[in-house]
Amino acid sequence: MVSKRLGDVPESGTVAIANLVSQLKQEGVEIISFSMGEPDFDTPQNIKDACVRSLNDGFTHYTPSAGIPELRKAIAEKTERDNKIKCTAKNVLVTPTKHALFMIALAYLDPGDEVILPDPAWVSYEAVVRLAGATPVYVPTKFDDDFCMSADMIANAMTNKTKMLMLNSPSNPTGSVMHRDTLKGIADLCTDKNVTVMADEIYEHIIYEGEHVSIASFDGMFERTLTLSGLSKTYAMTGWRLGWLIAPEKDIAAVNKLQTHSVTCCTSFTQPAAIEALRGPQGSRIKMVNEFRKRRDLALDLLTEIKGIECNRPEGAFYLFPKYEQKISSDDMTMHLMKEAHVAVTPGRSFGPSGEGFFRLSYAASEENIIEGIGRIKRSLSKL
Ligand code: PMP
Ligand code: GLU
C-alpha cells in the first residue's frame with residue numbers, strides 16, 4: 001500500500017495529458033498537441049557536439065554532487081550577468097529543476113507549515129508541498145489582473161504559519177510576467193514577515209515585452225530566496241534534465257545533502273555541454289524566442305476570433321490560457337477537444353481552482369499545426 005502522503009497527491013495533470021497523447025499517437029490517432037510545455041526545436045548543434053565530445057573523452061562517471069566546478073562557475077557568471085544576483089560558484093547546485101523543487105520542499109517544509117502559491121500555478125508546486133506534509137495556501141488571481149498576485153493579496157493570505165512563498169515568472173500556465181514594482185512590494189513584505197521565497201525562473205529568457213526581474217536581486221533578498229532555473233526551456237533541452245538552484249551557501253549545503261541521498265549528482269557528460277550552452281553562441285536561443293513571439297501573435301489572433309473565447313496577451317513563456325464561455329468543466333472541455341477535434345490541451349483546473357473555465361494551450365508547435373489545430377478547436381466548439 002502506498003503511503004498516505006503519496007495517496008493525498010494527484011498525478012501530474014500536465015504529464016498525464018502528455019502520456020495520453022503519446023498513447024493515442026501510438027494507436028495511430030492523428031493528434032495535434034498543444035499540451036506539453038516544451039520547445040519543439042532541436043537542441044542547438046554546438047551543445048550536442050560538446051556532449052558527444054565529453055562522452056568520447058570518457059567523461060562518464062560520477063561528478064561532485066553539486067556539479068563540476070567549471071559549470072557551477074559558468075552558472076554563477078550567468079546569474080550575475082543576467083539576473084543581477086551577486087553570487088559565486090559556491091551558491092550553485094546543479095540538478096534538474098524539478099528535482100530542485102522537490103528537494104527544497106523536503107529540506108524546508110514541515111507538517112503545519114503553510115506555503116503561499118498563486119492560483120493558477122504549475123501543477124508540481126502543490127504536489128511537493130503536500131508530499132512534504134505542509135499545507136498549500138492558494139491566492140486566487142484574476143483574468144483581469146493578468147493572473148498576477150499583488151503584495152496585498154499575499155499579505156492577506158499570510159498567517160503565523162506561513163513559511164514560504166512560491167513565485168513563478170514568467171508563469172506556467174498563464175505566461176504572465178511579474179513586474180519590478182510588484183516584486184519589490186512582495187520582497188519588502190517577505191522581509192518584514194520573515195518568509196522564504198522560492199522563485200522559479202525557468203522561463204526567464206522566454207520574454208517578449210519588458211524585462212525579467214529576479215526577486216533575489218533586491219537588497220537583502222538573496223539571503224531568503226531560493227532561485228531556480230535551468231536549460232530545459234531556454235535551449236530546448238528538456239530531455240537533458242539539467243538545471244540549477246541559486247541560494248546562500250548554507251542552503252546549497254542543506255539541499256545538496258538530499259542530492260547526495262537521491263540522484264548523487266546530475267548526469268556527468270551533459271555538464272560540459274551545459275557550459276557550452278551558457279558560454280557559447282546565443283544565436284539559436286534568440287531565434288527561438290523570436291519564433292515563439294510570432295507564434296504567440298498568430299495563436300492569439302486565431303483563438304480570439306472564436307466566439308466565446310477570451311484570452312490575455314502573455315508577455316512570456318509559451319502558453320496561452322484562454323477562458324471559454326461553455327458551462328462545462330475544463331476536464332470535460334479537454335476531453336471534448338481531444339475526441340472531437342483531435343487536439344490536446346491541458347485542463348485549467350489542473351493548475352488550481354481558479355483555472356476552472358480555462359484551458360492551457362502551449363504554442364510551442366509549428367505555425368502549420370497552430371493554424372490547423374486552432375481551426376479544429378473553432379469547429380468543434382461551435383458544436384457544443
Ligand atoms: N518549473 C516550471 C514552471 C515548469 O513549467 C517546469 C516544466 N518543465 C519545470 C519547473 C521543470 O523543469 P524541468 O523539466 O527542466 O525539470
Ligand atoms: N512543465 C511542462 C508542462 O507544464 C512539462 C511537464 C511538467 O513537468 O509538468 O507541460
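All values derive from a computational prediction rather than experimental measurement. Indexing begins at 1, ligand by ligand and atom by atom, following the structure's order.
With a 4.0 Å cut-off on non-hydrogen atoms, E38 does not touch ligand 2 at all. The residue T346 has no part lying near ligand 2, judged by heavy-atom distances below 4.0 Å.
Any N or O atom pair closer than 3.5 Å counts here, and N172 shares at least one such pair with ligand 2. The shortest N or O to N or O distance between G37 and ligand 2 is below 3.5 Å.
Applying the side chain to side chain donor-acceptor pair (under 3.5 Å) test to residues at least two apart or on different chains, the pairs with a partner in residues 215-226 are N194-R224.
Taking atom 8 (O) of ligand 2 as the reference point, the nearest protein heavy-atom neighbour is K98 NZ, 2.7 Å. The protein non-hydrogen atom at the shortest distance from atom 6 (C) of ligand 2 is T14 OG1, 3.6 Å.
Looking at H61 and S268, their side chains never bring a donor and an acceptor atom within 3.5 Å of each other. At a cut-off of 3.5 Å, with distance as the only test, a side-chain donor of D49 or Q45 sits close to an acceptor on the other residue.
Taking S35 as the reference, S33 meet the side-chain hydrogen bond (donor to acceptor under 3.5 Å, both in side chains) condition, with sequence neighbours excluded. For F318, the ring pair (Phe, Tyr, Trp, His ring centres under 6.0 Å) partners two or more places apart in sequence, or in a different chain, are Y203, F292.
Protein residues with a heavy atom under 4.0 Å from ligand 1 are T97, K98, W122, Y125, N168, N172, D200, I202, Y203, S232, K233, R241.
Between F321 and F358, the ring center distance clears the sub-6.0 Å criterion. For Y363 and Y319, the ring centers sit 6.0 Å or farther from each other. For F351 and Y125, the ring centers sit 6.0 Å or farther from each other.
Partner M237 forms a side chain to side chain contact (heavy atoms under 4.5 Å, CB included) with one of L231, L242, T270 and no other, that one being L231.
Interface atoms of ligand 2 facing K233, defined by a heavy-atom separation under 4.0 Å, are 1 (N), 2 (C).
At least one heavy atom of R360 lies less than 4.0 angstrom from ligand 2.
No side-chain heavy atom of R53 sits less than 4.5 Å from a side-chain heavy atom of N56.
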